[in-house]
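For reference, the structure discussed in these notes is given below.
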Amino acid sequence: MIGFCKRQWQRFVATLSTVEDGAALALMRIAAGFALLVLVVPFVVSDAGAQIVGFVFVDDEFGGYRDLPGTEMMRVFGGPNPTTVSALLITSLIAGICMVLGVFGRAPVLVAAVATRVVFGQNPDVSGGGDALLGNVLFLLLLGDCTHTLSLDCWWRTRRLVDETVIPAWPRKLALVQLAIMYTATGLQKLVSTTWTPLDGFSALYQILQSPQWARFPWLIEAADGWLVVPMALGTLITIVWECSFWLVLVKRSWRWGYAVVGVGIHIGIIVLMEVGIFSWLSMALYPAMFPLAAAQLARWIGAWTDPLPSAPPRS
Amino acid sequence: MCYAVAVDPFRPLLRLLAPIRTAAWWPPVRAVLVLLHLVAVCAVACPAPVKSVDARAWKRPSVQLELRRWSERLGQVGIAATPEELQAFSSSVQTAWTAQRKEVVRPFHSYLRRIGAPQGWYMFTGPDREPQRFVLSATTASAPGTFAIVFELGSDVGRDTPLGRVFADGFVDDHRVRRALFQSSWSPNDNLLRRICRTFNARLRDATVDGRKSDVVDVRCSLVARAVEHPAQRGGARDDRVAREITINARGDEIESREGAAPTTTRAKKKPSAKKLKTAPKTPEGAR
């Protein structure tokens with residue numbers, strides 16, 4: 001028994017000691033940066049966004065709908081007033097742009113993690129899975145050298161957009177495990193309701209998509225006059241099986257493409273039919289963690305394509 | 001050095017830590033840290049009731065229907081339990097479990113909160129069988145005594161009125177505003193609805209409609225419940241019911257509050273829309 005545990009432990013240590021091309025982590029960084037921009041840009045550039053901020057993230061003293069005592073960090077930044085919240089959102093926006101471009105290493109990731117947490121974490125009433133996932137993605141990106149390749153940092157360092165030298169693989173692996181835990185946990189949690197099971201005819205999506213709170217088109221189901229019953233039952237079945245069994249991607253590498261394709265389909269469905277923020281975008285931002293080899297191949301292709309860039313001696 | 005700091009402020013720190021990262025003891029130490037992180041994530045993410053359901057939530061049709069269905073299904077496999085018994089059992093187990101779980105996951109929860117990586121993946125656990133949609137209506141000086149809908153969540157009603165256009169304007173469709181309205185329908189008391197209503201009241205009074213200040217007199221916020229259509233019971237009657245309603249006057253004072261009645265608000269006349277394929281309303285036009 002001790003020998004078995006020792007062998008397993010050594011295997012675990014060895015798994016965390018491997019190195020790989022940094023493309024998967026870089027793609028996660030770019031996708032997470034885009035998702036952050038999708039979240040923050042409307043708040044900063046549109047009147048409606050400013051009104052939303054004034055309604056949900058600002059203390060009632062300044063026009064918000066509820067009394068926000070402000071988290072410790074928010075008080076450090078000046079409290080939940082319009083100026084502080086706007087400044088933090090603009091900071092997040094700049095950090096998001098830097099993440100997409102891949103400049104200043106992990107610093108923009110850290111800045112985004114702090115700024116978004118301070119703003120979005122102060123009102124739990126309006127915070128959901130998207131905010132939780134954003135925190136997780138930014139934390140995971142902080143652990144690895146996410147601007148090692150496919151970044152302006154890389155170009156500045158090597159005069160090439162792609163650096164094929166290796167980085168530690170464990171942050172990417174941790175992201176994959178986090179993705180599996182998230183999907184599996186949310187799937188298992190759903191089993192408490194009969195609507196996600198044959199006990200109630202897999203009727204969950206049929207009913208959820210009538211909710212005025214989350215559905216983009218709550219009238220759609222009724223207007224479809226019954227022809228959506230079967231597609232929705234099928235969608236419910238696929239969703240629950242896919243979520244509950246997602247942990248299999250950790251043990252069956254060859255199944256990852258299948259799970260990813262179904263996942264993209266489900267998330268596109270969520271984006272089209274529901275209004276739940278950036279959760280789907282952020283979930284898909286973690287998908288490169290499943291495909292380090294494909295990401296490396298993609299990076300090599302981009303590298304070959306961008307190679308004719310004027311080359312200069314690398315600065316180190 | 002200056003270049004390194006300019007490109008990546010982390011780089012000097014990483015260089016400082018380089019001897020640690022190349023030390024022979026680092027891989028097992030890193031493995032321990034990663035393992036502890038994973039234990040924390042798994043412990044907190046593990047599906048479980050995270051807080052006790054309050055008395056009002058137990059009475060919600062969604063919850064009651066779920067209990068009835070479980071009672072029926074258990075009966076089919078020979079386990080006799082009435083919905084009331086199931087509720088009592090679930091409530092006691094949940095209360096005990098919640099207290100125990102809280103103690104066990106406290107250190108992990110604290111750690112994950114500090115690193116900004118919460119693990120609450122409770123998403124669409126079950127459909128709300130009788131969702132309460134938020135309806136905002138108002139009387140104006142030009143039409144005193146008649147509450148006309150300014151905004152109705154999940155519907156175009158009221159949005160083609162001048163006041164409705166100014167009020168909605170992309171603001172109410174955001175998921176965070178929807179979430180706040182959703183929370184007010186599940187809140188154990190009226191405080192949240194009252195606060196939202198006061199904020200919307202101020203917003204309506206400050207609105208400029210057709211170049212003039214709005215002439216809103218009283219503002220009413222209602223949570224109107226209506227059962228969703230179940231695939232096995234399509235076409236059945238599903239009437240609206242006011243779950244909660246608050247009316248506020250020009251000074252912001254609450255002048256009326258009621259629960260569990262038929263809606264009395266007047267729908268503004270609405271042009272037929274190609275996008276909106278709603279079937280004929282279940283209640284007579286003008287009775288809402």
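Letters A, B, ... are given to chains in the order of the sequence lines, protein chains preceding strands, and every chain is numbered from 1.
Interface residue A/Leu16: backbone and side-chain heavy atoms are both found under 4.5 Å from chain B. For a residue to count as touching a neighbouring chain, one of its non-hydrogen atoms must lie under 4.5 Å from one of that chain's; by this rule B/Leu65 does not touch chain A. For B/Arg203, the part lying under 4.5 angstrom from a heavy atom of chain A is the side chain only. Only the side chain of A/Gln178 has a heavy atom closer than 4.5 Å to any heavy atom of chain B. Contact of B/Ser184 with chain A is not made at all, since no heavy-atom distance falls under 4.5 Å. At a 4.5 Å heavy-atom cutoff, the contact between A/Leu110 and chain B is made by side-chain atoms alone. Looking at B/Thr125, both its backbone and its side chain come within 4.5 Å of chain A, counting heavy atoms on both sides. At a 4.5 Å heavy-atom cutoff, the contact between A/Val192 and chain B is made by backbone and side-chain atoms alike. In this structure, chain A has no heavy atom under 4.5 Å from any part of B/Arg194. Heavy atoms of B/Ala202 lying under 4.5 Å from chain A are absent altogether. Contacts between B/Phe200 and chain A at a heavy-atom distance below 4.5 Å involve the side chain alone, from C-beta outward. If you measure heavy-atom distances from B/Val172 to chain A, you find no contacts under 4.5 Å at all. Using a 4.5 Å cut-off between heavy atoms, B/Glu229 touches chain A through backbone and side chain atoms alike. Residue contact with chain B, scored on non-hydrogen atoms closer than 4.5 Å, is absent for A/Phe202. Heavy atoms of B/Asp173 lying under 4.5 Å from chain A belong exclusively to its backbone. Contacts of B/Gln132 with chain A are made by backbone atoms alone, with heavy-atom separations under 4.5 Å and no side-chain atom involved. Contact of A/Met232 with chain B is not made at all, since no heavy-atom distance falls under 4.5 Å. In this structure, chain B has a heavy atom under 4.5 Å from the side chain of A/Asp131, while its backbone stays farther away. For A/Arg106, the parts lying near chain B are the backbone and the side chain together; criterion is any non-hydrogen pair under 4.5 Å. Contact of A/Trp170 with chain B is made through the side chain alone, with heavy-atom distances under 4.5 Å. Only the side chain of A/Val229 comes within contact range of chain B, with heavy atoms under 4.5 Å apart.
Separation of atoms CD (B/Gln183) and CG (A/Asn123) is listed at 9.0 Å; rounding is to 0.5 Å. Expressed to the nearest 0.5 Å, how far CD1 of B/Ile115 lies from CG of A/Leu142 amounts to 10.0 Å. Atoms CZ and OG1, from B/Arg73 and A/Thr197 in turn, are 7.5 Å apart once rounded to the nearest 0.5 Å.
Taking the six-membered ring for Trp, B/His175 and A/Phe279 have ring centres at least 6.0 Å apart. If you look at A/Trp196 and B/Phe124, their ring centroids are not closer than 6.0 Å.
One N or O on the side chain of A/Asn136 and one on the backbone of B/Pro118 form a donor-acceptor pair closer than 3.5 Å. Side-chain atoms of B/Arg176 come within 3.5 Å of backbone atoms of A/Val126 as a donor-acceptor pair (strictly under, hydrogens ignored). Panel note: side chain A/Gln213, backbone B/Ala180; no donor-acceptor pair is recorded below 3.5 Å. B/Glu66 places a side-chain N or O within donor-acceptor distance of the main-chain N or O of A/Thr194, the cut-off being under 3.5 Å. In terms of modelled atom types and a separation under 3.5 Å, the side chain of B/Arg178 and the main chain of A/Ala215 share a donor-acceptor contact.
Across B/Pro231, B/Pro131, B/Gly126, the residue that shares the most heavy-atom pairs under 4.5 angstrom with chain A is B/Pro231. When the candidates A/Ser127, A/Gly130, A/Ala113 are compared by the number of heavy-atom contacts under 4.5 Å with chain B, A/Ser127 comes out ahead. Chosen from B/Leu35, B/Asp128, B/Leu112, the residue pairing most often with chain A at heavy-atom distances under 4.5 Å is B/Leu35.
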| field | side-chain contact (heavy atoms from CB on, under 4.5 Å) between A/Leu133 and B/Trp121, intermediate numbers included | value | CA-CA 9 Å; A/Leu133 188 54; B/Trp121 309 118; 4.1 Å; yes
| request: Could you give me the CA-CA distance, side-chain angles and deciding distance for A/Tyr65 and B/Leu192, then say whether side-chain contact (heavy atoms from CB on, under 4.5 Å) is met? | output: CA-CA 8 Å; A/Tyr65 80 94; B/Leu192 199 52; 3.5 Å; yes
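Ion pair B/Arg21/A/Asp145 not flagged as a salt bridge, since none of the NZ, NE, NH1 or NH2 atoms sits closer than 4.0 Å to an Asp/Glu carboxylate oxygen. Salt bridge present: B/Arg69 and A/Asp200 bring a charged side-chain N and a carboxylate O closer than 4.0 Å.
Within the 4.5 Å cutoff, the side chain of A/Ser211 has no heavy atoms near those of the B/Pro127 side chain. The shortest side-chain heavy-atom distance between B/Arg238 and A/Glu222 falls under the 4.5 Å cut-off.
If you check the side chains of B/Arg30 and A/Ser17, you find a donor sitting under 3.5 Å from an acceptor.
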